[in-house]
2 protein chains.
Amino acid sequence: MKEKNTEAKILEAAKAVFIEKGKDGAKMQAIADKAKINKALLHYYFRSKDKLFNVVIEETMFHFLPKVEETFLSDDNFFDKIRKVVSDYISLLSENPFIPAFMLHEINRNPDGLFNVMMKSGIRIDLIFTTIQKELQNNTINIVSPQHFFINLLSLCIFPIAARPLMQRAMFFNDQKAYDDFIEERKTQTAEFILKAIKVS
Amino acid sequence: MKEKNTEAKILEAAKAVFIEKGKDGAKMQAIADKAKINKALLHYYFRSKDKLFNVVIEETMFHFLPKVEETFLSDDNFFDKIRKVVSDYISLLSENPFIPAFMLHEINRNPDGLFNVMMKSGIRIDLIFTTIQKELQNNTINIVSPQHFFINLLSLCIFPIAARPLMQRAMFFNDQKAYDDFIEERKTQTAEFILKAIKVS
DNA sequence: AATCGGTTTAACCATTTGGTTAATTAATTC
DNA sequence: GAATTAATTAACCAAATGGTTAAACCGATT
């Protein structure tokens with residue numbers, strides 16, 4: 001039989017189920033169903049739920065972590081970098097709307113495990129801070145610290161996607177398109193909000 | 001026996017366990033152990049896991065939702081209101097560090113259920129928007145819309161607590177006190193960041 | 001076509017888990 | 001203080017769930 005790559009089919013299904021339901025809420029049977037295979041095949045390929053989940057976590061981190069660093073280390077104008085990183089990151093997350101809440105849940109469920117994976121990803125958060133620090137010394141921006149600035153940026157990009165299901169209901173009468181438009185606006189407005197807050201006056 | 005109020009003891013334990021582990025990760029036995037009672041007593045008082053969880057959700061929402069509205073509807077100067085709501089909300093959340101990620105997870109797990117509870121809480125988000133809108137018409141602030149402004153404010157308060165376990169490791173070498181200080185700074189700096197971003201220039 | 005290795009499945013197993021029952025103990029009422 | 005009601009527990013149950021096993025299947029090799 002072997003119509004396609006079974007392992008890839010399983011991983012795709014596992015990602016979808018784990019990210020939507022969380023590790024505890026996800027059932028191996030549900031993953032098998034989604035991949036249209038027998039449950040025993042899951043264990044044939046990945047041994048255990050823990051092992052499978054770890055692979056999902058690693059692939060997810062490798063997929064979503066580097067984007068920020070990448071843009072920050074380019075040699076664009078600093079303000080344009082902010083515009084780009086905000087827009088790109090909001091785009092990426094809004095196409096994967098369960099990722100933010102999933103990751104935040106996992107951050108609290110197993111912080112050490114996540115942090116180890118993050119280290120393995122080779123991301124260099126200190127390089128981002130250095131870039132910001134340099135800009136700070138050039139007197140083009142006015143911020144308290146690179147850490148505050150960076151967290152502010154992440155907050156404004158990630159939270160509106162993580163909280164979407166409630167915010168869409170509470171602010172837009174559960175109008176899907178209204179929130180889509182809202183997110184679309186945020187791709188530019190969030191950067192302008194940040195820039196106004198940090199520009200030297 | 002009946003040393004204290006058993007029902008309250010159970011609820012306290014249930015809150016702690018549910019909020020730390022999430023609905024799926026929480027086990028009834030763990031709640032019983034934490035409350036130091038027999039598992040059957042849980043069902044004697046609350047019938048089922050679902051029922052118990054609903055009570056926890058309701059109490060949690062009633063505890064954490066109204067604070068924002070309260071401050072916003074006071075008749076302080078608008079800028080002082082922002083300073084106060086930001087400081088108070090960051091304080092409240094940092095004393096209950098699992099709440100943000102728990103709520104965000106729940107928002108995605110069961111948005112309709114959560115929204116219904118929110119409605120029952122009597123919170124009037126539209127009144128907050130009206131307050132902001134009025135300020136907008138008085139030309140004292142420069143924002144895109146009350147919705148953007150409100151989400152920005154929530155993002156900057158909530159995300160840094162929700163992501164703390166990872167951020168503390170990634171940014172401060174897992175130094176507890178360093179992150180405590182960081183949060184303490186945010187109580188004032190976040191408001192100033194927002195104010196700079198919205199003040200008419 | 002017989003065989004051999006990797007792949008897939010149906011059936012099964014052991015543990016965990018939410019929930020129940022029947023009996024015991026503590027309070028309350030008469 | 002006996003009778004009645006409420007609170008609490010140990011033991012048990014059934015379903016769900018992660019994981020295993022042995023057999024079947026399939027494609028390639030000889």
Side-chain angles (χ1 to χ4, degrees), chain A residues 1-60 98 102 105-106 108-110 113-114 117, chain B residues 1-60 98 102 105-106 108-110 113-114 117:
Chain A
M1 220 166 271
K2 198 183 188 196
E3 4 187 298
K4 279 194 184 176
N5 186 350
T6 305
E7 188 171 330
K9 242 173 38 180
I10 293 177
L11 250 178
E12 191 185 353
K15 268 185 204 168
V17 174
F18 273 130
I19 288 168
E20 189 185 333
K21 307 275 186 180
K23 191 194 175 191
D24 295 316
K27 306 295 171 234
M28 294 298 267
Q29 189 61 58
I31 295 171
D33 291 347
K34 185 148 219 162
K36 287 184 203 144
I37 49 133
N38 186 289
K39 182 164 64 91
L41 253 199
L42 292 184
H43 293 92
Y44 177 77
Y45 278 96
F46 292 95
R47 299 269 304 274
S48 71
K49 188 182 184 182
D50 276 327
K51 294 257 172 53
L52 177 54
F53 183 72
N54 285 341
V55 176
V56 169
I57 281 284
E58 285 184 21
E59 296 219 348
T60 302
F98 285 115
F102 168 72
H105 181 58
E106 191 60 17
N108 284 270
R109 200 190 64 83
N110 180 20
L114 244 186
V117 175
Chain B
M1 223 169 274
K2 196 181 188 195
E3 6 186 298
K4 281 196 179 173
N5 187 350
T6 304
E7 188 170 330
K9 241 172 37 179
I10 292 177
L11 250 178
E12 192 185 352
K15 268 186 203 167
V17 174
F18 274 131
I19 288 169
E20 189 186 333
K21 306 274 186 180
K23 192 194 175 192
D24 296 316
K27 307 292 174 240
M28 295 297 269
Q29 189 60 57
I31 295 172
D33 291 348
K34 184 147 218 160
K36 286 182 205 146
I37 51 138
N38 186 290
K39 183 164 63 93
L41 253 198
L42 291 185
H43 293 90
Y44 178 76
Y45 278 96
F46 292 96
R47 298 268 305 275
S48 71
K49 187 182 183 181
D50 276 328
K51 295 256 170 56
L52 177 55
F53 183 72
N54 286 341
V55 176
V56 169
I57 280 285
E58 285 183 20
E59 296 219 349
T60 303
F98 286 115
F102 168 73
H105 181 60
E106 192 59 17
N108 285 267
R109 201 191 63 84
N110 180 19
L114 243 185
V117 175

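So you know, we letter chains A, B, ... as the sequences are listed, proteins then strands, and number each from 1.
- Distance, Leu42(B) CG to dG19(C) P: 10 Å, rounded to whole Å.
- A salt bridge links Lys23(B) with Asp50(B): at least one charged nitrogen is closer than 4.0 Å to a carboxylate oxygen.
- By the ring-ring contact (aromatic ring centres under 6.0 Å, His included) test, Phe46(B) is found to be paired with no residue, residues two or more places apart in sequence or in another chain being considered.
- Between the CG atom in Leu42(B) and the NZ atom in Lys51(B) there is a gap of 14.0 Å [rounded to 0.5 Å].
- Between the CG atom of Leu41(A) and the C1' atom of dC25(D) there is a distance of 12 Å, rounded to whole Å.
- Rounded to 10 degrees, the angle separating the terminal axes of the helix from dA1(C)-dT30(D) to dC30(C)-dG1(D) is 10°, with each axis obtained from five end pairs.
- Residue Thr6(B) places no side-chain N or O under 4.0 Å from the OP1 or OP2 atom of dA7(D).
- For Phe102(A), the ring-ring contact (aromatic ring centres under 6.0 Å, His included) test picks out no residue, with sequence neighbours left out.
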Under a 4.0 Å heavy-atom criterion, the protein footprint on nucleotides 16-22 of chain D, written with B, S and -, is -SBBBB-
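- Atom CG of Leu114(A) is separated from atom CD of Glu58(A) by 10.5 Å, given to the nearest 0.5 angstrom.
- In this structure, Tyr45(B) places its OH atom 12 Å from P of dA6(D), rounding to the nearest Å.
- One side chain, Gln29(B) or Asp33(B), offers a donor N or O that lies under 3.5 Å from an acceptor on the other.
- Ring-plane geometry between His105(B) and His105(A) is classed as parallel, the angle between the planes falling under 30 degrees on a 0 to 90 degree scale with a further cut at 60.
- Contacts of Glu12(B) classified as side chain to side chain contact (heavy atoms under 4.5 Å, CB included), with partners at least two apart in sequence or in another chain: none.
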- request: Given side chain to side chain contact (heavy atoms under 4.5 Å, CB included), test Lys21(A) with Lys27(A) step by step and report yes or no.
  value: CA-CA 9 Å; Lys21(A) 307 275 186 180; Lys27(A) 306 295 171 234; over 6 Å; no
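- Rounded to the nearest 0.5 Å, atoms CD1 (Ile19(A)) and CG (Asn108(B)) are 12.0 Å apart.
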Pairwise N/O distances under 3.5 Å, protein to nucleotides 4-6 of chain C:
none

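- Computed from coordinates, the Ile31(B) CD1 to dG18(C) P distance equals 8 Å when rounded to whole Å.
- Distance NZ (Lys36(A)) to P (dT9(C)): 13 Å, rounded to an integer number of Å.
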Carefully, step by step, assess Phe18(B) and Ile31(B) under the rule side chain to side chain contact (heavy atoms under 4.5 Å, CB included).
CA-CA 8 Å; Phe18(B) 274 131; Ile31(B) 295 172; 3.9 Å; yes
